[in-house]
Amino acid sequence: MSAPVLPAASPAPTGFRDLATRFARWNHRRTLLIVVFALLALLPVLYPSPYTLATVLFYIPWYLAMAQSWNISGGFSGQLSFGHWGLLGVGAYTSAIFAVTYGWNVVSAMAMAAVVTFLLGLLIGYVGSALRGPYFAIATLAAAALIQLVVLNWKAVTLGSLGFPIFYILLSPSDLYYGALALGAIATAMVYLISRSRIGLAFEAVRENEDLATATGIYARGYKALAFGLSGAIMGPVGGLYAFASHYIDPTSAFNLLYNLQIILMVVVGGRGKVLGPIVAAVVFAWVFEVALTSFNVYNYLITGVVIFAAVLLVPRGIFGFRGIPKALQF
Amino acid sequence: MGFNPFLVALIGGLGVGSLYVVFALGMNLLIGVMRVINFTHGYLMLLGSYLTYFLWEWYGLNPLLSLLVVMPALFAVGVLFHFIMVQPVLKRPYFEDTTLLLTFAGLLILDNVFVKLWTDNQRQVPTTYFNTPVIFSTPWGDAVLSQVVLIGAGLAAAATLTLGLFLRYTWTGRAMRAASQDLLAARLLGIPATRLYAISFGISGVLAGIAGVVVAMEFLFYPEFGFSYLLKAFGVIMMGGLGSLVGTIAGGLTLGVAESMTAWVYNGAYGTWANGAAYVAILVALAVRALLGKSR
């Protein structure tokens, strides 16, 4: 009896088709992201009015950066954060204090804000990692409210409820816009790289089943702290831009829970833990909130609530999560 | 003998704390029975307050009598909320996170609707009890309290006691405790989960309504009240333990006393620190949990 004849192994794919497959597998995502950001970079050319640029268009990349920041912790490692408004406020105050009180230049003040919010995020993430799901959400909410109270009462540094004026630092509208866009691009790059790396796998493992992840040797608390810290590092300079764009901050305007809820809305609609969906949702809803509804902004809470409600019930996996949508967009 | 400010703060804190107890009990009941954190609870309470207010304004109804209307109305609203916010996602993965998002969306909607319907104006149901002081004489000095706080504390105590007896001696109450211990086993023993959940949500609404009547008598209330009470209730629940009746009582009274002591110590310039007691309570309780290594 002769040995069984094995089928010949198919040759390793080479040539043009393989290159195309590889390109499709690897690069269409990056290409798509670059195209999206190029379009966003061209937006000021379409609306050359500096007033529109500073008061309306600026908010599109600004929300985008915040949404992607929330996506790092809320999407990948599953930490529902209601504390990002606190990080935003800390970023705004840190930038303003270093730029005005200590006379640093704008970029280094915002870098300082990134460092402060990174460390604060690490702290909140680490202490909060003992709690899961909704209890973490409550803890972050309380932490942010406490931070707001401290800022309100620490009058020697923050001037308390009088507010903190930043009149002498004038950034041009295009500086603001491209600064926010750069932050949005950095945040998106972070989300993209996390989604393709071991860290991202660890984040998702912790999200899906923390006990199992721990049992397989993943240091869950460390990864949760890291996710929140990275997320916080984006919120700092984003808050700084808010401060420099509005020239004046006080404990109620810089600490605004509504921003937190709006970015949750964007990530939930776009799909938690996705890269492209939240960008699209952020652009659309930034436009909705800052352009389409400026005359209805007394209904901002109502609209935010209804959209979150509808999105959670109807599109639990995000706008690109439907079956008919091309796979190429689902990342 | 004159007033002893420490005793005044202590008694006042216990009075407010009893309100926190009955308010937080409603939230903690839902956490215990169905693991739902209901962010709309503060606005359910305000619904009770506004109902009391308008019954008084339109029909001159005594706020204590309006309990007879508020309790069934809030029960119905609670059941309705269950079918809107919890029932549709009951079988979803990440059930707790999903209901958290849904109830938070509900909070936003209710807040906006309340502000549009009833404006930001501060309201109160004026009663003769409000201006009647009650003085306790002790060997260490006198303590004073408004009569309305005493009535509120009595209502809260009665509601808490009734809930305790209900959970202990009725079939439904025992089914709730069974579900909070082990839902799967409870269902296997024939407890109808949907009906039980709906009833729990209704009872949670009734407790919110009772708290709302007390609020309408004791405080100037306005839509944002719902949110600040929510944070206080979280403080109570985090201190007292999730799903624990006795813990909620202890936590609520502790928070009330902590707040009034903070207000007494930082009198004047630091008056705003009193609100911080709840946040600190949440975070300290959390830090203790983290040290003990408990994740829930």
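Just so it is clear: chains get the letters A, B, ... in the order the sequence lines come, proteins before strands, and each one is counted from 1.
Heavy atoms closer than 4.5 Å to chain A are found in the side chain of B/L231, but not in its backbone. Residue contact with chain B, scored on non-hydrogen atoms closer than 4.5 Å, involves the backbone and the side chain of A/A143 alike. Heavy atoms closer than 4.5 Å to chain A are found in both the backbone and the side chain of B/I109. The part of A/L80 that comes within reach of chain B is its side chain, from C-beta onward, which places non-hydrogen atoms under 4.5 angstrom from that chain. With a threshold of 4.5 angstrom between heavy atoms, B/F227 approaches chain A through side-chain atoms but not through N, CA, C or O. Looking at B/I31, only its side chain comes within 4.5 Å of chain A, counting heavy atoms on both sides. Proximity to chain B is limited to the side chain of A/F82, based on heavy atoms less than 4.5 angstrom apart. In this structure, the portions of A/V150 lying under 4.5 Å from any heavy atom of chain B include both its backbone and its side chain. B/I282 touches chain A through its side chain: at least one heavy atom from C-beta onward sits under 4.5 Å away, while N, CA, C and O do not.
B/F104 pairs in a side chain to side chain contact (heavy atoms under 4.5 Å, CB included) with only one of the listed residues (A/L261, A/I308, A/I264, A/V312), which is A/L261.
Put simply, CZ on A/R207 and CG on B/D97 are 10.5 Å apart, with the number rounded to the nearest 0.5 Å.
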B/I37 and A/Y135: CA distance, side-chain angles, deciding distance, side chain to side chain contact (heavy atoms under 4.5 Å, CB included) verdict
CA-CA 9 Å; B/I37 297 184; A/Y135 307 104; 3.6 Å; yes
Does the pair A/F309 and B/L108 meet the rule for a side chain to side chain contact (heavy atoms under 4.5 Å, CB included), with working shown?
CA-CA 10 Å; A/F309 209 93; B/L108 293 177; over 6 Å; no
Hey, mind stepping through B/L102 and A/L313 against side chain to side chain contact (heavy atoms under 4.5 Å, CB included) and telling me if it holds?
CA-CA 8 Å; B/L102 284 181; A/L313 284 185; 4.1 Å; yes
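Remark: B/R92 CZ is packed, more than 12 non-hydrogen atoms of other residues, nucleotides or ligands lying under 6.0 Å away. More than 12 heavy atoms of other residues, nucleotides or ligands sit less than 6.0 Å from atom CD of A/E208.
Highest contact tally toward chain A, considering only B/G106, B/A105, B/P88, is held by B/A105 [criterion: heavy-atom pairs under 4.5 Å]. Of the residues considered (A/L141, A/L146, A/V307), A/L146 shows the highest number of contacts with chain B, using heavy-atom pairs under 4.5 Å.
Among all heavy-atom pairs drawn from A/A137 and B/L100, the shortest one is CB-CD2, 3.7 Å.
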